Amino acid sequence: MKNNEKKIEEELNSNESRSLNFIETIIEEDIKNNKHGGRIHTRFPPEPNGYLHIGHAKSICLNFGLAEKYNGKCNLRFDDTNPTKEEEEYVNSIIEDVKWLGFDWEDRLFYASDYFDQIYEWAVKLISEGKAYVDDQPSDVISEQRRTPTRPGIESPFRNRSIEENMDLFEKMKKGEFPDGYRVLRAKIDMSSPNMHMRDPVIYRILHATHHRTGDKWCIYPMYDFTHGQSDYLEGITHSICTLEFEIHRPLYDWFLDNLIETEYRPRQYEFARLNLSYTVMSKRKLLELVEEGYVNSWDDPRMPTISGMRRRGYTPESIRNFADRVGVAKRDNVIDVGLLEFSVREHLNKITPRIFAVLNPLKIIITNYPEDQVEELELEVNPEDTSMGTRKVPFSREIYIEQDDFMQDPPKKFFRLGPGREVRLKGAYIIKCEDYKKDENGNVVELYCTYDPETKSGSGSQRKVKGTLHWVSVAHAIDAEVRLYDRLFIKEEPDVVDKEGENFKSNINTDSLKIITGKIEPGVLGVKAFDKFQFQRLGYFCVDPDSTNEKLVFNRTVTLRDSWAKVSKKK
RNA sequence: UGCCUGAUGGUGUAACUGGCAACACGUCUGAUUCUGAAUCAGAAGAGUCCAGGUUCGAACCCUGGUCGGGCAACCA
């Protein structure tokens, strides 16, 4: 099974003819020109203020994948410059998620806060060169003076303070002599720049907050723009890859480096389009709303596109990595069909999961000509895709459950399942024929009476063929389990597109995204552990939820099997 | 109506930088099947946002448009 996994990945990765994405093209060009001595060093720089989602997974796979491919390195760096939003809880979950995805940063786990001393020195350097100043104005005034992108901004009255005064004030900011927001340090760049980020950006602000790593050492904190490029520089990053919305920050990224650094070496920022998934929202803010307002149960609710949610849902790291490979990397906005994600999970799960019988909507069958107290232990394959996984024993007896959907009182010709007088094979057992059935007072079918053909036992060499094969579970041996059936969280491909004024993405929530039922499962399931994965035959892939106990099994449906019958029957 | 940026089948990504548009998902046939799964074989589907231009030849180059995304946090 390990070999299978390897093979899928190899096929995707080392296919010689596979074309390069634009970043790989740049990298290969850089290597050819011996830029950075041919060295490749990337980084994944999350802010520890939330849980990672599938969009981050794309970035993680990109950054770590590039390093792997080009014999380089990739750092994990927490961009923790805002103590009011960041927490250790998130650091831990991010570390767990990146590891789970299968990536290794070795000893290169960094925090931007590791560099606060150096960054402070750099701020002082800018001040001493007249390239930064302390502004006493409140944020709304500063913002107003920046004006709009179409009109040049106005210079702050404090812009031309003396270097000495700036030094003194910045020192006092650092010492904690002012309350939050009282003053800021700004880079002196260009208030009339068409790029708003160049209009004297704030680079340090006063925040009397305890930082998750530096504690109370600081009460001034550098802004993202004044931290990221320098951190890249300090870590020897060659290719600093981020999403498109930072494109407009690049001139600033370069400005700081050019004004701070004497050496020739420069990291360079490249931007790619973030991942969007159909029927999904991806922003941290929106995901947070779903959690806080109870639309889902938690950050790792299996309906969430978070890494932890997907893990709990039963996705494998391999399937996510393969998905990330397939979506590609480019600069244009995109919406990936969730179907592609589902394809990637099925592809992997098909190869690795044990098959098992589970009946989710039971309909009882009595096999009238089968001996009352006879039980046969039938031998079935664990995984037809991988015979090395061996066989399992499944008990068969006179009373069994089948799926309600597998019987129709008045079936159409193309229905290859059970109906009055029709025959099917019970997988791994016998061919049975439906002789009669019983209805309750509401007209619902509650019991089937069938006969079996003892000559047709599986493996006996019987030549009789029937079109349909059903899964089943022996009534006397069935184990009850809670089964959580998940569906997409939104009813619209693009949840942000709303019909009426005043609506938002939450108007498009699928109110039926979770159905909890009790299923009947073959006794072989006893003893399963959290995150164990199975294919419930003919139904889909399921995974043991951490809520599961020995007394009460709980399964999550990861994804259904492809169902071409559903398509056919829907058309009619 | 400023600046940055993008536009290729239904979706996503390619096209050796000028040589008759490919791959994956999806869709549709058919074969096979003790999972209506998987597998296998095949098909349909874009002429590359528009209009000009350069060229023997343009998705790739030039000019001008159109449409989409981003940017005005003491967030990242």
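To find a chain, count down the sequence lines: A is the first, B the second, and so on, and within it residues start at 1. Just so it is clear, the structure is predicted and the values come from calculations on it, not from any experiment.
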[atom1] of [X] versus [atom2] of [N]: gap in Å, rounded?
X	N	atom1	atom2	answer
A:Asn350	B:rC25	CG	P	14 Å
A:Asp200	B:rC74	CG	P	12 Å
A:Glu247	B:rC71	CD	P	12 Å
A:Asn21	B:rC16	CG	C1'	16 Å
A:Gln535	B:rC34	CD	C1'	14 Å
A:Phe343	B:rU27	CZ	C1'	15 Å
A:Leu62	B:rU13	CG	C1'	13 Å
A:His212	B:rA76	NE2	C1'	13 Å

I'd like the [atom1] distance from [M] over to [N], given in whole Å.
N	M	atom1	value
B:rU11	B:rU27	C1'	12 Å
B:rG6	B:rU48	C1'	15 Å
B:rG70	B:rA76	C1'	15 Å
B:rU54	B:rU63	C1'	11 Å

* Given B:rA22, is OP1 or OP2 found less than 4.0 Å from the side-chain N or O atoms of A:Ser19? ->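 Looking at the OP1 and OP2 atoms of B:rA22, neither is under 4.0 Å from any side-chain N or O of A:Ser19.
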* **Side-chain N,O (A:Arg205) to OP1/OP2 (B:rC75) below 4.0 Å** =>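 Checking B:rC75 against A:Arg205, a side-chain N or O does come within under 4.0 Å of OP1 or OP2.
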Counting only side-chain heavy atoms from C-beta out, which of [options] sits nearest to [X]?
X	options	result
A:Arg538	B:rG2, B:rG36, B:rC74	B:rG36
A:Arg417	B:rG36, B:rA72, B:rU35	B:rG36
A:Phe416	B:rG36, B:rU33, B:rC75	B:rG36
A:Ile142	B:rC74, B:rA72, B:rG2	B:rC74
A:Trp565	B:rA76, B:rG6, B:rG36	B:rG36
A:Thr469	B:rC75, B:rG36, B:rC71	B:rG36
A:Pro194	B:rC25, B:rG36, B:rC3	B:rC3
A:His249	B:rU5, B:rA76, B:rC71	B:rA76
A:Glu86	B:rC71, B:rU35, B:rA76	B:rA76
A:Ile248	B:rC34, B:rG2, B:rG70	B:rG70

* Report the residue from A:Phe542, A:Trp472, A:Phe534, A:Phe396 that forms a ring-ring contact (aromatic ring centres under 6.0 Å, His included) with A:Phe357. =>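 So, applying the ring-ring contact (aromatic ring centres under 6.0 Å, His included) to A:Phe357 and each of A:Phe542, A:Trp472, A:Phe534, A:Phe396, only A:Trp472 qualifies.
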* Taking the chi torsion of B:rU48, is it syn (within 90° of 0) or anti (everything else)? ->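 With its glycosidic angle more than 90° from zero, B:rU48 counts as anti.
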* Asked: Any idea if B:rG47 is syn or anti, going by the 90°-from-0 cut?
  ->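 In terms of base orientation relative to the sugar, B:rG47 is syn.
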Under 3.5 Å, N/O pairs linking protein and nucleotides 7-12 of chain B:
unit_1: B:rU8; atom_1: OP2; unit_2: A:Arg332; atom_2: NH1; d: 3.3
unit_1: B:rU8; atom_1: O4; unit_2: A:Arg332; atom_2: NH2; d: 3.2
unit_1: B:rU11; atom_1: O3'; unit_2: A:Val335; atom_2: O; d: 3.3
unit_1: B:rU11; atom_1: O2'; unit_2: A:Val335; atom_2: O; d: 3.0
unit_1: B:rG12; atom_1: OP1; unit_2: A:Val335; atom_2: N; d: 3.2
unit_1: B:rG12; atom_1: O2'; unit_2: A:Val327; atom_2: O; d: 2.7

Tell me whether the rings of [X] and [Y] are parallel (<30°), tilted (30 to 60°) or perpendicular (>60°).
X	Y	result
A:Phe178	A:Tyr182	parallel
A:Phe490	A:Phe505	tilted
A:Tyr221	A:His211	parallel

* Asked: In a check of side-chain hydrogen bond (donor to acceptor under 3.5 Å, both in side chains) between A:Ser240 and each of A:Arg43, A:Glu271, A:Arg250, which one passes?
  ->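 Filter result, single survivor: A:Arg43.
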* Between the side chains of A:Thr391 and A:Glu379, does any donor sit under 3.5 Å from an acceptor? ->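 Yes, side-chain donor-acceptor contact under 3.5 Å.
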* Short side-chain donor-acceptor distance under 3.5 Å, A:Asn322 and A:His348 ->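 Result is no, nothing qualifies.
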Please find out if less than 6.0 Å separates the ring center of [X] from that of [Y].
X	Y	result
A:Tyr224	A:His228	yes
A:Tyr430	A:Tyr452	yes
A:Phe170	A:Tyr120	yes
A:Tyr315	A:Phe323	no

What protein N or O atoms touch nucleotides 40-44 of chain B N or O atoms at under 3.5 angstrom, if any, and at what distances?
none

* A:Glu423 vs A:Arg464, salt bridge (Lys or Arg N to Asp or Glu O under 4.0 Å): CA-CA, chis, key distance, verdict -> CA-CA 11 Å; A:Glu423 286 188 319; A:Arg464 272 191 68 195; 2.5 Å; yes
* Asked: Does any N or O donor sit under 3.5 Å from an N or O acceptor when you compare the side chain of A:Glu385 with the base of B:rU39?
  ->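 It does not, because no donor-acceptor pair links the side chain of A:Glu385 to the base of B:rU39 below 3.5 Å.
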* Asked: Looking only at N and O atoms, is any donor in the side chain of A:His197 or the base of B:rA73 less than 3.5 Å from an acceptor on the other one?
  ->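 Donor-acceptor pair under 3.5 Å: no.
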* Using the ring of A:Phe536 (Phe, Tyr or Trp, six-membered ring only), decide whether A:Arg557 places NZ or CZ under 6.0 Å from its centre and within 45 degrees of its axis. =>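 The answer is no, since A:Arg557 fails at least one limit relative to A:Phe536.
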* In which stems does RNA chain B show up, taking only runs of three or more Watson-Crick or G-U wobble pairs whose two distances fall under 3.5 Å? ->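 Runs of three or more consecutive pairs: B:2-7 with B:66-71, B:10-13 with B:22-25, B:27-31 with B:39-43, B:49-53 with B:61-65.
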* Might you point out which heavy atoms bring A:Arg199 and A:Thr148 nearest each other, and give the distance in Å? =>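 So the two residues come closest at NH2-O, 2.7 Å.
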